[in-house]
There are 2 protein chains.
Amino acid sequence: MKKSKGATVHEVAREAGVSAATVSRFLNGTAKVAEDKRQVIESVIERLNFKPNVLAQNLKSGSTRTIGVLTQSLVSGFFNETMTGIEDALKAAGYAPLIVTGHWHADEEAERIELLIARRVDGLVILTGNLTDAQILKFSQRVPIVAFGRKLQGKQAFGFSLDNYTAACEAMDYLVEQGHRNIAFIAGPEEHEDARARLAGYRDTLAKHKIRFNTKLVVQGDFQESGGLLAVNQLMESRQRFTAIFAANDLTAYGARLALYRRSIRVPEDISIVGFDDLHTSMCVTPPLTTVRQPLFEVGQCLGHAMLKMIAHEKFEINVPPLSLMVRESVRRVS
Amino acid sequence: MKKSKGATVHEVAREAGVSAATVSRFLNGTAKVAEDKRQVIESVIERLNFKPNVLAQNLKSGSTRTIGVLTQSLVSGFFNETMTGIEDALKAAGYAPLIVTGHWHADEEAERIELLIARRVDGLVILTGNLTDAQILKFSQRVPIVAFGRKLQGKQAFGFSLDNYTAACEAMDYLVEQGHRNIAFIAGPEEHEDARARLAGYRDTLAKHKIRFNTKLVVQGDFQESGGLLAVNQLMESRQRFTAIFAANDLTAYGARLALYRRSIRVPEDISIVGFDDLHTSMCVTPPLTTVRQPLFEVGQCLGHAMLKMIAHEKFEINVPPLSLMVRESVRRVS
DNA sequence: TTGAAAGCGATACCAT
DNA sequence: ATGGTATCGCTTTCAA
């Protein structure tokens, strides 16, 4: 099966009356090439519409200029905004992301990472997930890894997360400042580090303001809309009194808001809601959601740059804007 | 620079006391290998933890088992749901998607496609975008292409879109059935085929029901929330009377809904809204949005399968569920 | 059934 | 400055 596509360096070389080595040198600027040959080569390349075969380059160089990205969901605004940042950072350096999905399932994540490694990605970006740090460190013996959503430090591994705790405290402080004292919390998955940090922030801020921690006001969610909806139902059934809900993430807040709507409870007149993430849509829901903004695009860029630096064995530092509370219209002042 | 990673077939061969060819045959089942050698090879592979170098296989086979996917936005629910379907279909066949973004910009799309081709993807999936059919047909001379959002038929190109027109008619019929006669329409980008089909559906259904087409009731949007918001403002300023809004897509509906909220106009009590797409969040906004559901996951799967078939030079047919109206709570019956 | 050897296409070292 | 040649690791004839 003759490949119909594309000329080779040898063909170009022959046509131009030079050696393949010279063509290669011209292509990569590896060494000086006489002006006259230069011109001939250039025109032959043009005429033959020659494009170097990346596959051969890859084999030779051992590098694919591809970065594997392990995400958890292709439909989540959270991951996708981060991904946009990653793509942005990689693009400039001529790298492309190979994206796979782990669906929050450690086994699947590991399997997809194996695939990525088999495909010889030059590096790996891991967005949260359920692998243990130990597993990731193990993988990092085979390929450089940058992770988000976990603190990690190794020879070829680096991970960072944002200060979810402080941001959660800030959100809670705001709620208290607005006069709320009975605040419900819809938690995220327990195994999730960020979710735990947010819960801790809720708890500690209550203490700080000398507000009694009421277990009945904390219900389990799952970071999905459905969890938020169920949580509010549970809250209502338990007949606890509360004037505000702090949802562990925006999706949860959406679900909670819907449950309230179903019961004709107004937001924020009757109950206030605060979310976490600041998804793209959060400024457009009704009422626009007051939530903690995660600078996900910047995080993505940062991950991309860090990856590139790591591959180049250069020093790098993480520098992303802090989490910040976006005050919109879902919280009402109570007296 | 000696590669620290991975043994080669030759090393395995040497250790096992056979030739590299035999190892290769064992690996690919290309030919029979004696049971005894088989066992030795297997154990050596195990011991050396040998993994064939995909780069070399790629070079040899000319194939990367990678499908390029041109999307327009990494943060759009519309594209991402489709992508999930594509990934699902490819995964089973050992293919992986290389995703790039065109941002609705023909030049950028073309440039990203060049990148994909340079990386020797085995095929290309194009999700809508602003390239002309002619451009795509041209690209398809270099690589097989399957496209969504445009009808296309070529030697190595195939494209299909869903019947947006009929679905738009259905949505409008529903609105009319519910007693609405003054229906505003917020259009999508004019150059967008689907957007035009939806507008046509709006117009024709009005005619079918003998309702006068009022130009003032049609305002331009951009498929984004902001467009919907602006559109409603414009509508209010023009002081037209209407009881319902048909938004060209869900994002537009979100924006419209927010604009209404800002003016304390209730949905659906004062004004009804119908969207198009059925994004994931649409069932969780308040009120849950009545909208046309696009079976995007299935579309993605279909695209993936079609691509695989095309690569294998096999016949295939497109079979996706039709668009359907999801009746939820954003439309009220008026008398 | 098996092995030797010739590529796949680009690159880099070693001469000249 | 330039050419010849070995090399990256695997696959696949061609012979035996």
Side-chain angles (χ1 to χ4, degrees), chain A residues 1-42 44-45 48-66 94 117-122 142, chain B residues 1-42 44-45 48-66 94 117-120 122:
Chain A
M1 169 189 58
K2 172 161 178 298
K3 296 297 292 300
S4 52
K5 298 293 168 41
T8 72
V9 265
H10 289 98
E11 288 166 9
V12 174
R14 181 157 40 76
E15 292 284 310
V18 297
S19 79
T22 303
V23 176
S24 173
R25 283 190 273 257
F26 166 80
L27 252 22
N28 306 298
T30 322
K32 289 218 158 56
V33 179
E35 186 54 28
D36 51 339
K37 320 219 171 205
R38 204 181 183 83
Q39 303 224 338
V40 192
I41 295 175
E42 201 152 26
V44 172
I45 286 181
L48 266 44
N49 187 26
F50 165 79
K51 299 267 184 357
N53 184 332
V54 183
L55 269 32
Q57 290 178 322
N58 287 348
L59 174 59
K60 187 76 192 147
S61 67
S63 140
T64 53
R65 290 189 93 73
T66 302
I117 293 178
R119 280 174 171 268
R120 308 272 159 152
V121 294
D122 293 350
R142 302 202 268 153
Chain B
M1 166 190 58
K2 173 161 175 300
K3 296 300 291 302
S4 51
K5 296 295 166 42
T8 71
V9 266
H10 290 98
E11 287 166 8
V12 174
R14 180 155 42 73
E15 292 284 311
V18 298
S19 79
T22 304
V23 177
S24 172
R25 284 190 271 256
F26 167 80
L27 252 23
N28 305 298
T30 322
K32 291 216 157 57
V33 291
E35 186 53 29
D36 52 337
K37 318 221 172 204
R38 201 181 186 82
Q39 304 223 338
V40 193
I41 294 175
E42 201 153 26
V44 173
I45 286 181
L48 265 45
N49 188 25
F50 165 79
K51 299 267 187 352
N53 184 333
V54 183
L55 268 34
Q57 292 178 319
N58 286 350
L59 175 57
K60 186 70 195 174
S61 68
S63 142
T64 53
R65 292 189 91 73
T66 302
I117 293 178
R119 279 174 171 266
R120 307 271 160 153
D122 293 350

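So that the names make sense, note that chain A is the first sequence line, chain B the second, and so on, each numbered from 1.
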Nearest whole Å is fine: how far is [N] [atom2] from [X] [atom1]?
X: A:Lys37; N: D:dA1; atom1: NZ; atom2: P; answer: 12 Å
X: B:Phe26; N: D:dG9; atom1: CZ; atom2: P; answer: 21 Å
X: B:Lys51; N: D:dC10; atom1: NZ; atom2: C1'; answer: 17 Å
X: B:His10; N: D:dT12; atom1: NE2; atom2: C1'; answer: 13 Å
X: A:Asn53; N: D:dC8; atom1: CG; atom2: P; answer: 18 Å
X: B:Arg120; N: C:dA10; atom1: CZ; atom2: C1'; answer: 11 Å
X: B:Lys32; N: C:dG3; atom1: NZ; atom2: P; answer: 17 Å
X: A:Arg38; N: D:dT2; atom1: CZ; atom2: C1'; answer: 14 Å

Side chain of B:Ser19 only, please: which of C:dA4, C:dA10, C:dT1 is the nearest?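 Of the options given, the side chain of B:Ser19 lies nearest C:dA4.
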Using a cut-off of 4.0 Å on non-hydrogen atoms, how would the nucleic acid contact of A:Ala34 be classed: base, sugar-phosphate, or nothing?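 Counting heavy atoms under 4.0 Å across all strands, the contact made by A:Ala34 is with sugar-phosphate only.
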Using a heavy-atom cut-off of under 4.0 Å over every strand shown, decide if A:Val23 touches base, sugar-phosphate, or nothing.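 Answer is nothing: A:Val23 stays at 4.0 Å or more from every strand.
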Can you tell me if [X] touches the phosphate of [N], counting only side-chain N or O atoms and a distance under 4.0 Å to OP1 or OP2?
X: B:Gln57; N: D:dG9; value: no
X: A:Asn28; N: C:dT11; value: yes
X: A:Ser24; N: C:dT11; value: yes

By nearest heavy atom, map B:Thr22 and B:Leu59 onto DNA chain D; which one lands nearer the 5' end?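 Result: B:Leu59.
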Does the side chain of B:Leu27 reach to within under 4.5 Å of the side chain of B:Phe50, using non-hydrogen atoms?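 Contact flag for B:Leu27/B:Phe50 side chains = yes.
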By nearest heavy atom, map A:Val9 and A:Arg25 onto DNA chain C; which one lands nearer the 5' end?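 The residue mapped nearer the 5' terminus is A:Val9.
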Would the base of C:dG9 count as contacting A:Lys60 through its side chain, where contact means a donor and an acceptor less than 3.5 Å apart?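 Side chain to base: no pair present.
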Say you draw a straight line from CZ of A:Arg14 to OG of A:Ser19; how long is it, rounded to the nearest 0.5 Å?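 Interatomic distance, A:Arg14 CZ to A:Ser19 OG, rounded to 0.5 Å: 13.5 Å.
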A:Asn28 side chain to A:Thr30 backbone, donor-acceptor under 3.5 Å: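 Pair absent, no side-chain N/O of A:Asn28 close to backbone of A:Thr30.
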